[in-house]
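Read the numbers this way: they start at 1 and go in the same order the structure lists the ligands and their atoms. Below, all heavy atoms of this structure are taken into account, side chains as well, without hydrogens, waters or symmetry copies. Values in this document were obtained by computation on a predicted structure and should not be read as measured data.
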Amino acid sequence: MIDHLIRQRDYLLDITRALTSQLSLNEVLRMILRSATELLGGRAGLIALSENENAFTVRASYGINSALLHIFTPLLTDIPHEDPDSFVIPELDRKMKIVAQAAGPGFHQVVALPMAIGKELIGVVYIFREPGSQFAPRDAKFLQSFANQAAIAVHNARLYEQVTADKLRLDAILRHSADGIMILAPDLSIESLNLALSRMTGWGVDEAQEAHHDDVIRWSSRTSRLDLGEAVAGGWPLNEKSILYVEGDLRHTSDSSLSVGITYAPLFDGEGQLRNVIANVRDITKFREAEEAKTMFISMVSHELKTPVSVIKGYASTLNREEVEWDRNTLRNGLSVIDEETDKLAELIDTLLDVSRLQLGTFKLHTGPVKLDKLAEKVANKFGPQTSKHSITVAFPKDFPETQGDERRLGQVISNLVSNAIKYSPEGGSIMISGSRMKDALQVSVSDEGIGLTDAQCDLIFDRFYRVDNALTRDTQGVGLGLYIVRSIVEAHGGRVWAEPGREKGSIFTFELPLSGNG
Ligand code: ADP
């Protein structure tokens, strides 16, 4: 009897030790099973865990050949989830008869014990014994304490799995985030820093570890009043909600600069002690550029609007002077200037309206059959008389197919390209509008012999507000919206447009529309 008690205590000690050691869950469960089975003079044991609402699966076994585990399937069905305190497996005797028939002697008697965490049943422990052997109430009680230990082991392992999975997920997010992310200790030394931030600062991920925040985040200029160090000196952070935002130009180790905005968020522990500061570093170069482009656009548009308005105003007031009697010719000249300038104004306003429709998504196509060759002729005839330095020719193959599209908008595309060809070849030269038929598409190109474009510029000029910075562009009217509208119209037709440097000089703009549809 004493001996039995000592063995019980030893087994429990072993299990407790196993629970707190580094053993895997499977090993701990097997050990619990082995101790329970041996101590009770049993033959074999099984632990079935609840994997989801209704299904139980065998997670550990002892004394059973793994190839024979399927024999025990009847013991995995209809296990009641409710109230582990009054746990009874329905029809256990009948189920054991089926098992015993297949498994042979030694599996006639069974004890089933619930593994529960609070009121939640997470599994069942089965211990099998020879026929005729009896379980003393003391044994059953003891066995239940094993089952409880097993429940704790499973619970801990699942928590651990969950925490590990959460950590892996978080690590992956941090590692692959396009934003720079850095975790700081309360003394502002760096606990970790991700790849994006390593790229932004020039500090290696390992090298930055344990470095001080101020060594890595160096401002070459700052628009925010306080940086992190100054804010901390002033008592930041007060609580979880105190978020600090610092914006400015960050200095890279190579001495180049990058515009960034850093959001610092404090993390407190249960006792209200500051645990970490999480810093999120965002590259705001694009945002800044967009802001600058917008400001430039507003000043450019104002200028472009103001020029014709002041010319109109000047002529109108002059012609309107009461004390002067204008002759017919002067009157006519003055009125045609007003007429031309009003057209320019109307055109600019149309362009601005188109852009705002494009942005709002209210830009609509009115599709029908379009003959691009005829459209090109029309544009050439419109622009021909406006320039004496350029010769505009149209070259389309015979029987150029019709396509579906918005005739007015496609006319606008060709007009914009031809008008640019004239604008950006101030010395004159030949401008050619040509068409070619591809397998599934139609192409129209406009080439000129003007100032031309580099490959890099070709990629940028279709962006909103983009204008190549050179003396000619600076002296030429324009707001950098023409090609943006061209691209939008072509894309709305399911097509594409691109520019390339001309073969000898100048540039070639080509747009392509699918033959089959209207996009
Ligand atoms: P805008 O002409 O009003 O500036 P666009 O969007 O039509 O605006 O053109 C954008 C920029 O592309 C122009 O500022 C110019 O620098 C360049 N560009 C357009 N067409 C040509 C061309 N045919 N040859 C050379 N540069 C061109």
Side-chain angles (χ1 to χ4, degrees), residues 289-290 292-308 343-359 363 376 379-380 383 386-387 389-393 409-434 443-492 496-511:
E289 281 171 358
E292 273 165 30
K294 215 191 238 163
T295 319
M296 215 167 79
F297 168 71
I298 291 172
S299 73
M300 220 150 50
V301 168
S302 319
H303 174 77
E304 295 282 316
L305 285 173
K306 224 169 155 192
T307 315
D343 281 349
K344 269 192 209 157
L345 210 52
E347 199 180 311
L348 183 60
I349 291 170
D350 277 346
T351 306
L352 294 176
L353 284 177
D354 277 348
V355 170
S356 86
R357 277 189 209 111
L358 279 169
Q359 277 183 293
F363 183 87
V379 174
F383 282 98
Q386 294 179 19
T387 166
K389 286 197 236 164
H390 303 86
S391 68
I392 306 180
T393 46
R409 292 297 183 187
L410 291 174
Q412 194 182 352
V413 167
I414 304 177
S415 282
N416 277 357
L417 296 180
V418 173
S419 136
N420 275 352
I422 296 172
K423 257 190 344 193
Y424 298 104
S425 49
E427 307 286 312
S430 117
I431 292 171
M432 165 114 85
I433 316 174
S434 54
Q443 283 187 355
V444 176
S445 299
V446 176
S447 63
D448 63 58
E449 298 177 329
I451 57 166
L453 289 160
T454 63
D455 284 326
Q457 289 164 351
C458 286
D459 290 337
L460 296 168
I461 50 176
F462 294 95
D463 286 351
R464 209 152 40 112
F465 311 144
Y466 186 86
R467 304 191 78 207
V468 175
D469 188 19
N470 58 32
L472 178 62
T473 319
R474 277 196 293 275
D475 288 343
T476 315
Q477 277 196 344
V479 283
L481 290 174
L483 291 178
Y484 169 69
I485 294 177
V486 162
R487 187 181 60 186
S488 307
I489 295 175
V490 171
E491 287 180 354
R496 60 197 184 99
V497 58
W498 64 94
E500 55 202 315
R503 273 178 254 300
E504 278 165 26
K505 57 179 176 169
S507 43
I508 308 173
F509 284 76
T510 306
F511 69 90

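- Ligand 1 is approached by Phe509 to a heavy-atom distance shorter than 4.0 Å.
- Salt bridge status for Asp448 with Lys423: absent, with no side-chain N to carboxylate O gap under 4.0 Å.
- Below 4.0 Å from some heavy atom of Leu481 lie the following atoms of ligand 1, by number and element: 6 (O), 8 (O).
- Per-residue contacts place Gly480 under 4.0 angstrom from the following atoms of ligand 1 (heavy atoms of the residue considered): 1 (P), 3 (O), 4 (O), 6 (O), 8 (O).
- Interatomic distance, CD of Gln412 versus CG of Asp350, reported as 8.0 Å (0.5 Å rounding).
- Minimum interatomic distance between Ser445 and Ile508 (heavy atoms only, all atoms of both residues): CB-CG2, 4.0 Å.
- Closest approach of Leu348 and Leu305 over heavy atoms only: CD2-CD2, 3.6 Å.
- Looking at every heavy atom in both residues, Ser425 comes nearest to Glu449 through CB-C, 4.2 Å.
- Considering only non-hydrogen atoms, atom 23 (N) of ligand 1 lies nearest to Asp448 out of Asp448, Thr454, Leu453.
- Where the criterion is an N or O separation shorter than 3.5 Å, residue side chain and backbone included, Ile451 fails it with respect to ligand 1.
- Counting heavy atoms under 4.0 Å from ligand 1, residue Asn416 does not touch it at all.
- In terms of protein heavy-atom proximity, atom 17 (C) of ligand 1 is nearest to Ile461 CG2, 3.9 Å.
- Across every non-hydrogen atom of Leu483 and Phe462, the tightest pair is O-CD2, 3.7 Å.
- Looking at Lys505, its side chain never comes within 3.5 Å of a backbone N or O of Gly452 through a donor-acceptor pair.
- Given atom 13 (C) of ligand 1, the protein heavy atom at minimum distance is Tyr424 OH, 3.4 Å.
- Near Leu483, meaning under 4.0 Å from one of its heavy atoms, ligand 1 places the atoms 5 (P), 6 (O), 7 (O), 9 (O), 10 (C), 12 (O), 19 (C).
- Closest to atom 24 (N) of ligand 1, if we only count protein heavy atoms, is Ser507 OG, 3.1 Å.
- Nearest heavy atom pair, residue Ala380 against residue Ile433, reads CB-CD1, 4.3 Å.
- Every atom of ligand 1 is numbered from 1 in the order shown, and the set under 4.0 Å from a heavy atom of Val468 is 14 (O), 16 (O).
- Within the 4.0 Å heavy-atom cutoff, Gly452 counts among the residues contacting ligand 1.
- The shortest separation from a heavy atom of Lys423 to ligand 1 is under 4.0 Å, placing the residue in contact.
- Remark: Gln386 CD is packed, more than 12 non-hydrogen atoms of other residues, nucleotides or ligands lying under 6.0 Å away.
- The nearest protein atom to atom 11 (C) of ligand 1, hydrogens excluded, is given as Tyr466 O, 3.7 Å; this is a heavy-atom distance.
- Asn420 ND2, 2.9 Å is the protein heavy atom nearest to atom 7 (O) of ligand 1.
- Here the protein heavy atom with the shortest distance to atom 4 (O) of ligand 1 is Arg467 NE, 2.5 Å.
- Taking both residues in full, the closest heavy atoms of Ala421 and Val446 are given as CB-CG1, 4.2 Å, listed atom of the first, atom of the second, then distance.
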